[in-house]
Every structure is written in C-alpha cells, then in structure tokens.
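Let me begin by presenting the structure, written as structure tokens, before commenting on it.
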2 protein chains.
Amino acid sequence: MFIGAGQLRYAPSNIYLFHQEDPAAVGYFLLEGKVRLAQLAPGGKQVIVDIISPGRYFGFFVASANMTYPISAEVIEDSTVYCWEAETIRELVLRFPRVALNSMELIAKRFARLQDRMQMLATERVEQRIAHALLDVSQFVGKEIENGAMIDLALSHQDLAEMAGTNIYSVSRVLRKWEDDDIVSTGRQRIRLCNPAHLRLLVEGG
Amino acid sequence: MFIGAGQLRYAPSNIYLFHQEDPAAVGYFLLEGKVRLAQLAPGGKQVIVDIISPGRYFGFFVASANMTYPISAEVIEDSTVYCWEAETIRELVLRFPRVALNSMELIAKRFARLQDRMQMLATERVEQRIAHALLDVSQFVGKEIENGAMIDLALSHQDLAEMAGTNIYSVSRVLRKWEDDDIVSTGRQRIRLCNPAHLRLLVEGG
DNA sequence: CGAACGATTGACCCAACTCAAATGCGGTGG
DNA sequence: CCACCGCATTTGAGTTGGGTCAATCGTTCG
C-alpha cells in the first residue's frame with residue numbers, strides 16, 4: 001500500500017533502523033530480511049518484544065502518533081524495507097480512511113498478541129514461557145520442513161531468553177531436556193521444532 | 001465524540017460488560033465509574049491488564065477489527081458507559097478520517113504502555129514490579145491528596161498481585177515493609193501512596 | 001452477633017538465578 | 001590444512017527470592 005509515497009531502503013545486518021527514545025519520524029514495512037524489536041530496561045537487561053519477518057509493519061503507529069519510539073529496531077538479517085515519513089502516514093490516513101480501518105484491525109491483533117505475552121510472563125513458569133516464546137515466534141519467522149511437522153528457527157539462546165524473560169542457562173537446560181525427548185533439536189543459533197504439538201501441550205497443560 | 005451514533009448505558013458494579021472470547025460486537029467509552037480489564041490464563045490465574053477510569057476507551061479497537069475480545073471487562077464501581085456497535089465504529093472511522101488518526105495515536109500510546117508492563121514483568125523482581133504497578137495505575141485511578149504528594153487508590157491486594165504478576169502474600173509483605181518506611185499506608189481495599197517519589201526511585205534504581 | 005472476606009504472618013521448600021569453568025563450533029589467517 | 005580466537009553453548013554447584021500452605025486476625029455487613 002501507498003507505493004510511491006514512501007521510499008525503498010536497503011538495510012544491512014547489525015544496523016539499527018531506530019533507537020528507543022528517538023522521535024518516531026518514520027514508519028516501516030519489511031519486504032525482506034529480519035528485524036528485532038527490543039526494549040532496553042534500566043539495568044542493562046533487554047526484552048525482545050517481537051521479531052519482524054517480511055510482510056509486516058513496525059514503528060508505524062508510533063510514527064503516526066508523534067511519539068518517541070518505545071523500542072529499538074535492529075536489523076539481524078540483511079533487509080529491504082519500505083518506509084514513510086510520519087507526516088506522510090498521517091496524510092495518507094486522512095486521505096484514505098480505508099487504510100485507517102485496516103491499520104486499526106492490524107494493531108488490534110498485535111495488541112491481543114502482546115497481551116498474551118504479558119499473561120505468559122506474569123503467570124507461567126520458565127519451561128512454559130520458553131515453549132510459548134518458541135511457538136509465538138515460529139508463527140512468523142519459522143521455515144517449515146516436511147509439511148509443517150518441523151520448523152526451523154534462526155534464533156540464539158540469548159534471543160530466546162530475552163523473549164521468555166529468563167537467562168541463557170535456563171534456556172540451555174530446558175532445550176537440553178526437550179532434545180532428550182526429541183521435541184526439538186538444536187545447533188548454533190538454530191533451533192528446530194520437531195514436535196510443535198508437544199510444545200503446544202506444554203503451554204496449555206501447565 | 002460520535003454522540004448520537006451510540007448509546008448511553010448504566011452498568012452496576014460486579015457485572016461484566018463482555019467476556020474474553022466473546023465476539024467483539026461493541027466498543028466502549030467510560031464516562032463514570034471504574035472497569036477492570038483482565039485476562040484469564042489457562043490454569044485459573046488471571047492477569048489484570050488495565051484498570052479503566054473515566055475518559056478512556058476500551059474494547060474499541062477489537063470491535064473495529066471483527067475479532068473476539070482478548071480480555072474480560074468487569075465493572076468494579078457503578079459505571080456509566082457510552083457504547084457503539086462494531087459496525088457503527090467502522091462506518092464512523094470511514095466517514096471521519098480524523099477519528100481514525102486520533103484512534104491510532106491513542107492506541108500507539110497504549111501499546112507503549114503495554115510494552116513497558118511487559119518489560120517489567122520480564123526483568124524486574126517482585127518489589128519493583130509492585131512499585132511499578134502502583135505507579136502505573138495511579139496515573140489514572142488515583143485520587144490526589146495535598147498537591148499530589150499523596151495518592152489514594154481503591155485497590156485490593158488481590159488486584160495488585162494480579163497486576164504485578166505475583167500473589168497476595170508477597171504483596172502483603174512488600175506493603176508491610178513500605179509501610180514501616182512510611183512510603184505507603186494501607187487499609188482494606190485501599191492503598192495510599194505517601195511517597196510516590198520513593199517508589200519511582202525503586203523502579204528506576206533496581 | 002456471626003458469616004464472609006481481606007489481610008497478615010510464619011514455616012517450608014523448590015524453581016530458577018548466579019557464577020565459574022569447561023566445551024564445542026565456525027571462521028580466519030598463516 | 002591447521003592453529004587459533006571468539007563466541008555460543010553447556011554443565012555443575014551454590015544460593016535465594018518468592019511461591020505455597022496453614023493458621024490467625026481484623027473488619028465489614030447482613
């Protein structure tokens with residue numbers, strides 16, 4: 001949408017598209033690559049809020065609202081983005097109300113997802129949280145193998161820990177246990193879900 | 001806004017305006033009273049996502065998106081709400097783009113707030129989380145006394161626990177400690193922040 | 001006055017965090 | 001091709017925050 005009003009931009013791995021607290025001047029749509037949205041806590045720890053894969057918007061609504069970015073966006077895989085100035089977004093929304101409605105629907109879904117994650121952090125124990133985080137992220141960034149029975153994720157233990165609100169040691173121990181039970185298989189910066197159904201059980205069951 | 005397109009409704013304490021999983025058919029604006037938005041976790045525990053005070057919208061964006069409510073809304077103080085059918089909201093957004101823009105700004109702020117809460121749940125320890133939750137909720141539902149030096153909250157330990165992702169026992173212990181330090185004073189379903197600045201220190205500091 | 005409910009307190013215990021150290025893997029440069 | 005370095009991961013041991021349970025107390029209200 002809005003092709004023409006914004007501009008295409010190539011962003012190599014490891015750069016930041018924007019930093020937390022920066023005035024939100026630009027909204028993005030990811031065409032290709034991968035971007036990590038993280039929030040830095042006072043004290044050094046950070047939380048990964050989301051991992052963006054192609055076809056998704058980010059920093060879009062804040063930009064329309066004249067705020068500062070509440071999170072940072074780090075490119076973790078060479079990416080191509082399409083981006084719009086905040087002012088342009090506002091004009092487009094005013095000109096094409098349909099766009100606004102779509103945006104509202106989009107954000108409502110993201111909102112629900114965020115609430116789910118909040119609940120998981122508030123009520124679940126580490127093993128469930130890790131399962132939850134894996135399933136959540138696999139909806140978008142996973143590469144399916146063999147009719148979806150397996151999902152391959154490019155994800156470090158560090159990332160997973162920051163999504164589940166724990167540390168790399170606990171992540172390692174949990175993954176090891178699951179590996180013994182053939183639920184996942186792990187490698188350097190790679191996690192393969194061999195049995196997503198079992199993970200789902202863990203999340204539901206308790 | 002939109003007066004005329006929706007309708008006024010009186011809702012007594014203890015009823016639910018909507019339940020989690022219900023199709024989101026109506027969006028609300030609170031004129032008077034207090035409403036608790038909570039999400040029930042599989043396993044009985046629940047998380048209080050927000051406490052709504054007069055002047056705020058809720059269930060509004062989900063309604064515009066043809067989804068099911070991701071949370072339940074319980075009236076916890078006799079309330080007056082103004083509400084719109086989902087279809088009406090969509091029509092209004094399409095007809096008055098300005099409304100859409102305002103909505104997007106509104107939701108972006110809420111989004112940022114939710115992300116903050118997520119971070120707190122993921123990285124902070126219980127004492128900080130409770131301080132955080134108190135400050136967060138006091139922005140909206142507190143009654144200021146003596147030029148803001150004190151804030152009076154109608155809040156049970158149970159509520160606070162469900163906001164901070166802990167249990168009533170830990171809440172009680174933390175509040176007791178703070179009471180000994182004259183940071184708060186407590187009563188039945190009532191918490192008075194005597195020294196919000198000190199709480200803010202706790203949140204920042206670590 | 002008594003029932004119901006919120007709050008308190010103590011004792012116990014375990015999940016998970018911390019720290020330290022070892023191990024393995026990948027890429028690089030000689 | 002091998003040696004080396006840096007980083008991700010693993011593993012063990014020790015510690016503890018805070019969750020759980022049980023019992024009690026206080027207060028509100030019918």
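What you are looking at is a predicted structure, and each value in this text was computed from that prediction instead of being measured. Per chain, numbering begins at 1; letters A, B, ... match sequence-line order.
Note on His157(A): a side-chain N or O is less than 4.0 Å away from OP1 or OP2 of dT10(D). Using a 4.0 Å cut-off, no side-chain N or O of Ser170(B) falls inside it from OP1 or OP2 of dT20(D). The side chain of Ser172(B) places no N or O atom within less than 4.0 Å of a non-bridging phosphate oxygen (OP1 or OP2) of dA7(C). Using a 4.0 Å cut-off, some side-chain N or O of Thr166(B) falls inside it from OP1 or OP2 of dG19(D).
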Would you sort out whether Arg176(A) and Asp180(A) count as a salt bridge (Lys or Arg N to Asp or Glu O under 4.0 Å), showing the intermediate values?
CA-CA 6 Å; Arg176(A) 140 81 36 199; Asp180(A) 291 345; 3.5 Å; yes
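Across dT20(D), dG6(D), dG17(D), the shortest atom-to-atom separation from the side chain of Lys45(B) is found for dT20(D). The Arg188(A) side chain lies nearest to dC25(C) when the options are dA16(C), dG6(C), dC25(C). Of all nucleotides listed (dC17(C), dT8(C), dT28(D)), dT8(C) comes nearest to the side chain of Arg176(B).
Shown here is Glu32(B), whose CD atom has no more than 12 heavy atoms of other residues, nucleotides or ligands within 6.0 Å.
Atom P of nucleotide dG19(D) and atom CZ of Arg125(A) are separated by 10 Å, given to the nearest angstrom. Distance CG (Leu175(A)) to P (dA8(D)): 16 Å, rounded to an integer number of Å. The distance from atom CD of Gln158(B) to atom P of dT8(C) is 13 Å, rounded to the nearest whole Å. Atom CD1 in Ile168(B) sits about 11 Å away from atom C1' in dT20(D), given to the nearest Å. Rounded to whole Å, atom C1' of dG26(D) lies 14 Å from atom CD of Glu179(B). A straight line from NZ of Lys177(B) to C1' of dG18(D) spans 13 Å, rounded to a whole angstrom. The interatomic distance linking Glu162(A) (CD) with dT9(D) (P) rounds to 12 Å, in whole Å. Atoms CG (Asn167(A)) and P (dT9(D)) sit 13 Å apart, rounded to a whole Å.
Panel note: side chain Tyr82(A), backbone Leu31(A); no donor-acceptor pair is recorded below 3.5 Å.
Checking Glu127(B) against Gly187(A), the closest nucleotide of DNA chain D that is more toward the 5' end is the one next to Gly187(A).
The base of dG12(D) lies close enough to the side chain of Arg173(A) for a donor and an acceptor atom to sit less than 3.5 Å apart.
Under the ring-ring contact (aromatic ring centres under 6.0 Å, His included) criterion, the residue pairs touching residues 17-45 of chain B are Tyr16(B)-His19(B), Phe18(B)-Tyr28(B), Phe18(B)-Tyr69(B), Tyr28(B)-Phe58(B), Phe29(B)-Tyr57(B), with sequence neighbours excluded.
By the 4.0 Å N-to-carboxylate-O rule, Asp50(A) lies too far from Arg117(A) to be salt-bridged with it.
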